[in-house]
Amino acid sequence: LRLDGNPLLGGEGVAELRDFIESSTSLIALTLTHCAMDNRGMREICKFEFPKSFQELDVSYNMLGGRYIERWMDNNKGKAIGFSGTNMSPERMSSLVLKQGNAGSFFSPIRTFESPGHRKKKGTEK
């Protein structure tokens, strides 16, 4: 579910998504980038009971600190979360990136990925 680029959503609007998200049986990802969300909105997201199918949350480019992002990570082990462009210090951001480990998948703000189609064939490296 992509709701990114919706600055009128804000922290209060996120709470309105709870019933939809909790009743979903097939939601895989929720993207809330650039939604003017603050810590109140992230606190609400921490209360959601995501479906078993859920894998990825992206709250990048919102006005968030690390407290509720870390809480979400603790409550949703093995799930990916994107949080680049938030109001955290570089040190706090780094500690959360390290904490998420492999669950960070492609959302990790300091990790880059190559498309499988762009990998060099064995023996063609220079």
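Along the sequence shown, residues are numbered consecutively beginning with 1.
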Task: Same apolar cluster: Leu17 and Tyr68, side chain cutoff 4.5 Å - done: yes

Task: Co-membership, hydrophobic cluster, residues Met93 and Ile81, 4.5 Å side-chain - done: yes

Does any N or O in the side chain of [X] come within less than 3.5 Å of the main-chain N or O of [Y], such that one atom is a donor and the other an acceptor?
X: Glu49; Y: Glu22; result: no
X: Ser23; Y: Asp19; result: yes
X: Arg2; Y: Ala29; result: no

- [ ] Among Thr33, Leu96, Asp58, find the one that has a side-chain contact (heavy atoms from CB on, under 4.5 Å) with Phe83.
- [x] Leu96

TODO: Could you point out which residue of Leu32, Ile21, Asn76, Ile69 forms a side-chain contact (heavy atoms from CB on, under 4.5 Å) with Ile45?
DONE: Leu32

Heavy atoms only: give me the nearest [X]-[Y] pair and the separation to one decimal.
X: Val14; Y: Gly41; value: CG1-O, 3.6 Å
X: Gly65; Y: Asn39; value: N-OD1, 3.0 Å
X: Leu3; Y: Cys35; value: O-SG, 3.1 Å

With side chains defined as the heavy atoms from C-beta onward, is the minimum distance between [X] and [Y] less than 4.5 Å?
X: Leu1; Y: Phe20; result: yes
X: Thr25; Y: Pro51; result: no
X: Glu56; Y: Lys79; result: no
X: Met42; Y: Leu57; result: yes
X: Met37; Y: Leu64; result: yes
X: Asn62; Y: His34; result: no
X: Lys99; Y: Met73; result: yes

Task: Inter-residue atom distance Leu27.CG - Gln55.CD, 0.5 Å rounding - done: 10.0 Å

Open item on the list: Is the ring pair Phe50/Trp72 parallel, tilted or perpendicular, if the boundaries are 30 and 60 degrees?
Closed with: perpendicular

Task: Pairing of Glu70 and Arg92 as salt bridge, 4.0 angstrom limit - done: yes

Open item on the list: One thing to verify: whether Arg40 and Glu12 come together as a salt bridge, which I'm taking to mean a side-chain N less than 4.0 angstrom from a carboxylate O.
Closed with: yes

